[in-house]
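Input: a single structure, listed below in structure tokens.
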Amino acid sequence: GVQGGGRPPEEPGTLLVVPAHLAPGRRVVDLTARLGSTYGALGVLQVAVAAAILSQRGGAARVGCGDRADGYRTIRLEAL
């Protein structure tokens, strides 16, 4: 889940694939900054990017998106 305000939980060493405003002061991969609005595809794109990165480096990733109107969602991915 997502903590108050849509911020992903603190997990040291975990790759964050979230819009930067959801994790202020933390290093993130922000696809909205790179691609602009992707409408309903953002979550799918984020999972694909996180999976590609994890396939190369291993570890874990937290993917999150949403807004106040529709709510926030996160998932955690782990490389096998």
Side-chain angles (χ1 to χ4, degrees):
V2 178
Q3 296 172 342
R7 292 191 178 128
E10 295 280 345
E11 297 171 297
T14 297
L15 171 69
L16 286 175
V17 184
V18 300
H21 72 275
L22 295 181
R26 295 164 69 186
R27 186 171 172 214
V28 302
V29 176
D30 182 355
L31 296 184
T32 59
R34 296 174 184 270
L35 303 174
S37 179
T38 58
Y39 303 96
L42 179 59
V44 173
L45 294 170
Q46 289 174 308
V47 169
V49 167
I53 293 170
L54 293 181
S55 74
Q56 296 298 308
R57 76 166 212 178
R62 175 72 62 178
V63 176
C65 61
D67 58 33
R68 289 182 186 184
D70 297 321
Y72 298 94
R73 299 290 181 269
T74 68
I75 64 165
R76 180 177 164 82
L77 301 174
E78 293 186 32
L80 298 178

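The first residue of the sequence shown is numbered 1, and numbering continues consecutively from there. This structure is a prediction, so every number in the text was calculated from the model and none was measured. When reading the values below, keep in mind they use all heavy atoms of this one structure, side chains included, and skip hydrogens, waters and symmetry mates.
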Q: Specify the closest pair of heavy atoms between Val28 and Ala20, including all atoms of both residues, with the distance to one decimal.
A: CG2-CA, 3.9 Å

Q) If you look at every heavy atom in Leu22 and Pro24, which pair is closest and at what distance? A) C-CD, 3.5 Å

Q) Just wondering, more than 12 heavy atoms not from Arg57 lying within 6.0 Å of its CZ? A) yes

**Q.** Within-4.5 Å side-chain heavy-atom neighbours: Leu15 and Ile53
**A.** yes

Q. For the residue pair Asp30 and Pro19, what are the closest heavy atoms and their distance?
A. OD1-CA, 3.5 Å

Q: Could you tell me whether the side chain of Arg76 reaches within less than 4.5 Å of the side chain of Thr14, counting heavy atoms only?
A: yes

Q: List the steps and the verdict of side chain to side chain donor-acceptor pair (under 3.5 Å) for Thr74 and Arg62.
A: CA-CA 7 Å; Thr74 68; Arg62 175 72 62 178; 3.3 Å; yes

**Q.** From CA spacing to verdict: side chain to side chain contact (heavy atoms under 4.5 Å, CB included), Leu77, Val63
**A.** CA-CA 8 Å; Leu77 301 174; Val63 176; 4.3 Å; yes

**Q.** Pairwise distance SG(Cys65) to CD1(Ile75) - rounded to 0.5 angstrom
**A.** 9.0 Å

Listing, residues 38-49 side-chain donor-acceptor contacts under 3.5 Å, not counting sequence neighbours, or none:
from  : atom 1 : to    : atom 2 : distance (Å)
Thr38 : OG1    : Leu42 : N      : 3.2
Gln46 : NE2    : Val17 : O      : 3.2
Gln46 : NE2    : Gly64 : O      : 3.1

Q: Measure the spacing between OG1 of Thr32 and NE2 of His21 and express it to the nearest 0.5 Å.
A: 7.5 Å

